[in-house]
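Notes for the one structure printed next.
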Amino acid sequence: MKIGILGNGQLGQMLESSVTDLNDLEISLYDLRAHEEGKLNAFINEVDIVSYETENIPAHIVELLEPVEDKVFPSLKALKVFQNRLLEKNALRAAGIDTADFCAVNSLQDVHTAIETLGLPIVMKTTTEGYDGKGQFVLRTPEDAEPAWNTIGSRELIAEAFVPFLRETSVIASRDRDGNINVWPMTENVHHEGILRYSLYPAAGLSEEKAQIAERYIRDLANSLDYVGTITLELFETEQGLVANEVAPRVHNSGHWSIEGAEASQFRNHMLALSGKTLGNTESKYPAVAMLNVIGEEDSSIKADSLSNAYRHSYGKEARPARKLGHITVVADSVEERDLTIDALVDVMPEGVWPAKN
Ligand code: AMP
């Protein structure tokens with residue numbers, strides 16, 4: 001079976017390498033940055049299944065997939081929903097999942113209306129193509145309305161009530177073609193300057209009740225869209241419960257730990273789901289796991305090579321500020337051992353980001 005992945009970045013590469021032992025699967029990656037209509041048509045005609053490593057696929061490329069939508073997984077319908085924050089929030093609500101209150105914003109008057117109906121603070125975002133905190137504006141006073149509109153108002157916007165969260169978490173699952181779903185344990189995710197810096201399993205002190213709610217959420221969401229493949233739900237943890245922030249119709253940075261940390265990784269189960277095979281076990285193989293991103297420069301990550309419980313992944317990319325160049329997975333027999341190992345690798349993180357060093 002031939003599977004073609006749109007996108008040849010690190011996610012595409014890790015999807016490909018997750019099934020190198022399965023001889024009946026032939027994987028090819030399509031470089032979206034070098035897109036040409038003829039090239040894409042040839043690519044999609046050659047493969048049995050089309051998938052993608054990113055939801056940021058321009059509309060003119062999505063259009064070319066319409067004629068072959070039966071072989072696109074996750075479905076084009078799911079892709080379109082999760083490309084747009086308004087459609088996404090509506091889909092979350094329809095599946096019975098808590099989100100921040102929100103409304104569409106298409107004019108400066110709408111910004112004022114949003115302030116009246118949602119109250120302040122408000123997080124205003126472009127509905128499409130925002131990632132890592134780009135295309136966002138936090139409004140704290142009514143006077144912020146105009147600068148916010150002038151900064152990002154050239155595009156369709158969504159206004160969201162600000163969620164006073166305790167921390168950010170995510171839950172990832174794969175759903176196969178028969179509707180079976182396997183869910184990985186949740187991680188706690190810590191960002192710095194809008195970019196994920198590290199993820200921890202277990203998320204300290206996470207109640208069994210909240211873990212079960214997250215699992216129910218992702219199952220209901222995947223079922224509601226007859227979703228096939230790996231799906232990620234980012235959740236704010238608040239005093240009261242869990243509030244969905246956003247969905248990625250794909251493998252996610254906060255699930256990279258599963259390559260070494262779980263029996264089946266998020267990448268492998270995505271490929272197994274697409275190709276109609278049985279999903280692998282998603283439980284953690286270790287009592288404690290961490291994923292540290294290597295951002296901007298790689299030298300700081302070399303230390304991982306000398307640690308027996310750390311695995312360094314390099315994406316082979318040229319260094320640039322704020323660019324994800326690789327990640328390190330830490331596996332451990334206890335949270336204490338995990339955290340001591342992160343202490344030893346603290347140089348991969350900006351000052352103050354890893355709390356044990358504060
Ligand atoms: P996003 O691109 O939607 O993931 O937003 C980027 C970051 O902005 C999130 O990881 C949060 O830290 C913050 N954020 C986004 N939406 C909200 C919200 N409604 N309330 C509070 N913080 C938010």
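Both ligands and their constituent atoms are indexed starting at 1 by order of listing. Everything numeric here is computed off the predicted structure, so don't read it as measured data.
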For P121, state whether at least one heavy atom is located under 4.0 Å from any atom of ligand 1. no

Applying a 4.0 Å heavy-atom criterion (strictly less than), which segment of V163 is in contact with ligand 1: side chain, backbone, both, or neither? both

Pair T99-R93, side-chain donor/acceptor within less than 3.5 Å: yes

Under 3.5 Å between some N or O of ligand 1 and some N or O of A161? yes

Check the pair L11, F267 against side chain to side chain contact (heavy atoms under 4.5 Å, CB included), reporting the backbone distance first and the verdict last. CA-CA 8 Å; L11 300 182; F267 302 98; 4.2 Å; yes

Which atoms of ligand 1 sit under 4.0 Å from any heavy atom of E168? 9 (C), 10 (O), 11 (C), 12 (O)

Should you measure from each heavy atom of E160, which atoms of ligand 1 turn up under 4.0 Å away? 16 (N), 18 (C), 19 (N)

Any side-chain donor-acceptor pair under 3.5 Å between E188 and T169? no

Do any side-chain atoms of residues 205-214 form donor-acceptor pairs under 3.5 angstrom with protein atoms, and if so which ones, sequence neighbours left out?
unit_1, atom_1, unit_2, atom_2, d
S207, OG, K210, N, 3.1
E208, OE2, Q212, NE2, 3.3
K210, NZ, E237, OE2, 2.9
K210, NZ, T238, O, 3.2

Strictly by modelled atom types, are S170 and T232 linked by a side-chain donor-acceptor pair under 3.5 Å? no

N or O contact, E234 vs ligand 1, cut-off under 3.5 Å: no

